Amino acid sequence: MAMVFIQILIWKALYSQEDATNATEAITLETMLQYVVISSLLNIIITSQPLQYIANQIRTGNIALDLMRPFNFNLYIFSMEIGKKIGRVFIQIPILLIFYFSILSNLPGNEINILFTLIVIMNAIIIQYLINYIIGLLAFWWIEVWPMDMLMNSLIKLLSGSWIPLWFFPEQLSKVAEILPFKLIYFDPIRVILGQIHPSELQVIVLQQIIWVMIFISLAIFLWKYGTKKIVVQGG
């Protein structure tokens, strides 16, 4: 969590500058600090890495044994990731409580906001998982997929608003981010948590998330179907 404190110090320094931009002036320092903390906490919950296990199983040839076992391979991987998330949350509980009472305790807490917060976070978890899962399935063809993983993680961090909120993006980059699914993982869920979204827009965000989930599920099914027919074994 050292990065959280570093980001807080950086944003405080930026806001202390007299020549702050109009975009910065429109967002208060308190809101920005809340954004940083929420983004870091969501990262604990949202981050999934099924790619590593999938790519390793394919590279070693163990995927052939997994396919013969009496359980659903995909559900098995998903269950492992859920278990990892639960473990990370329990480990980070003391830190979560400190941040909540020091920075996040004054967030809006009406029933509608809480309900949509849970929905958008769950959808964000699924979207991030599916993106990583799909890259893992590319190992059926490419064997080594870590370069694609690094590229995709960087794109997600940049265009999702995980590092820098889309509020401060240049107009052209903001337009690109708007049409991609990445902002639905961090930026939009954080806006929901902060209570900065009108109720009518909440429904649009959830609908967008569902559409992208369906797209990614369809792509994953396609890759899995044809990938299992073309297992390339290296060193196994």
Side-chain angles (χ1 to χ4, degrees), residues 1-3 39-93 95-96 118 120-160 162-163 180-186 189 209-236:
M1 293 302 247
M3 285 301 299
S39 177
S40 299
L41 299 183
L42 284 181
N43 184 64
I44 298 173
I45 302 172
I46 291 176
T47 300
S48 295
Q49 286 292 327
L51 174 150
Q52 296 177 357
Y53 181 80
I54 296 172
N56 182 67
Q57 293 300 93
I58 295 174
R59 183 172 57 253
T60 61
N62 290 333
I63 186 68
L65 298 176
D66 290 329
L67 295 177
M68 291 188 293
R69 291 182 175 133
F71 58 76
N72 187 295
F73 178 73
N74 298 304
L75 289 179
Y76 171 68
I77 296 176
F78 185 73
S79 299
M80 284 198 306
E81 289 300 319
I82 293 297
K84 292 177 183 178
K85 292 180 191 300
I86 294 175
R88 284 198 297 266
V89 169
F90 273 105
I91 292 173
Q92 301 290 345
I93 278 180
I95 299 176
L96 298 179
L118 294 175
V120 297
I121 290 177
M122 180 57 67
N123 288 337
I125 291 173
I126 296 173
I127 291 173
Q128 200 280 338
Y129 173 86
L130 287 172
I131 291 174
N132 198 267
Y133 173 79
I134 287 170
I135 296 175
L137 292 182
L138 295 179
F140 279 121
W141 293 272
W142 292 350
I143 301 297
E144 293 293 346
V145 294
W146 63 265
M148 178 64 73
D149 182 35
M150 291 181 60
L151 174 61
M152 186 59 67
N153 282 335
S154 297
L155 286 175
I156 290 177
K157 291 294 184 183
L158 174 63
L159 298 177
S160 69
S162 172
W163 286 341
L180 296 174
F182 306 138
K183 75 182 186 71
L184 299 170
I185 301 176
Y186 283 96
Q209 286 182 319
I210 293 175
I211 291 174
W212 277 107
V213 166
M214 298 307 296
I215 291 174
F216 287 136
I217 287 178
S218 299
L219 179 58
I221 291 174
F222 174 82
L223 292 175
W224 175 258
K225 178 180 178 180
Y226 288 95
T228 51
K229 295 179 181 179
K230 184 181 172 62
I231 298 178
V232 179
V233 179
Q234 177 175 306

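Every heavy atom of this structure was used, including side-chain atoms; hydrogens, water molecules and symmetry mates were not. Nothing here was measured: the structure is a model prediction, and the numbers come from that model.
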Next item on the list: Return yes if a side-chain donor-acceptor contact under 3.5 Å exists between Lys85 and Ser48, otherwise no.
Entry: yes

Would you mind reporting whether [Y] and [X] have side-chain heavy atoms less than 4.5 Å apart?
X: Ile131; Y: Gln128; result: no
X: Met152; Y: Phe182; result: yes
X: Gln57; Y: Leu67; result: no
X: Ile77; Y: Tyr129; result: yes
X: Phe73; Y: Thr228; result: no

Note to self: Show the nearest heavy-atom pair for residues Ala139 and Ile58, with the distance to one decimal.
What the structure shows: O-CG2, 3.5 Å

Checklist line | Heavy-atom pair of closest approach, residues Trp212 and Leu180 | finding: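 It is CZ2-C, 4.5 Å.
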
Notebook entry, point to check: Hey, mind stepping through Thr47 and Lys84 against side chain to side chain contact (heavy atoms under 4.5 Å, CB included) and telling me if it holds?
Noted result: CA-CA 10 Å; Thr47 300; Lys84 292 177 183 178; over 6 Å; no

Item checked: Under 3.5 Å donor-acceptor, Gln209 side chain and Leu184 backbone ->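 Flag set: sc Gln209 to bb Leu184 pair under 3.5 Å.
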
Notebook entry, point to check: Would you find a donor on one side and an acceptor on the other, under 3.5 Å apart, between the side chain of Asn43 and the backbone of Ser39?
Noted result: no

Atom pair [atom1] ([X]) and [atom2] ([Y]), whose distance is rounded to the nearest 0.5 Å:
X: Ile156; Y: Ile185; atom1: CD1; atom2: CD1; answer: 4.5 Å
X: Leu158; Y: Asn153; atom1: CG; atom2: CG; answer: 12.5 Å
X: Leu219; Y: Phe216; atom1: CG; atom2: CZ; answer: 8.0 Å
X: Asn132; Y: Leu137; atom1: CG; atom2: CG; answer: 10.0 Å
X: Ile127; Y: Ile217; atom1: CD1; atom2: CD1; answer: 10.0 Å

Checklist line | Option passing side chain to side chain contact (heavy atoms under 4.5 Å, CB included) with Tyr133 (candidates Ile126, Leu51, Ile54) | finding: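 So the option named by the test is Ile54.
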
Notebook entry, point to check: Taking everything shown except Trp163 itself, do over 12 heavy atoms lie less than 6.0 Å from its CH2?
Noted result: yes

Notebook entry, point to check: Are more than 12 heavy atoms from other residues, nucleotides or ligands located less than 6.0 Å from atom CE of Met122?
Noted result: no

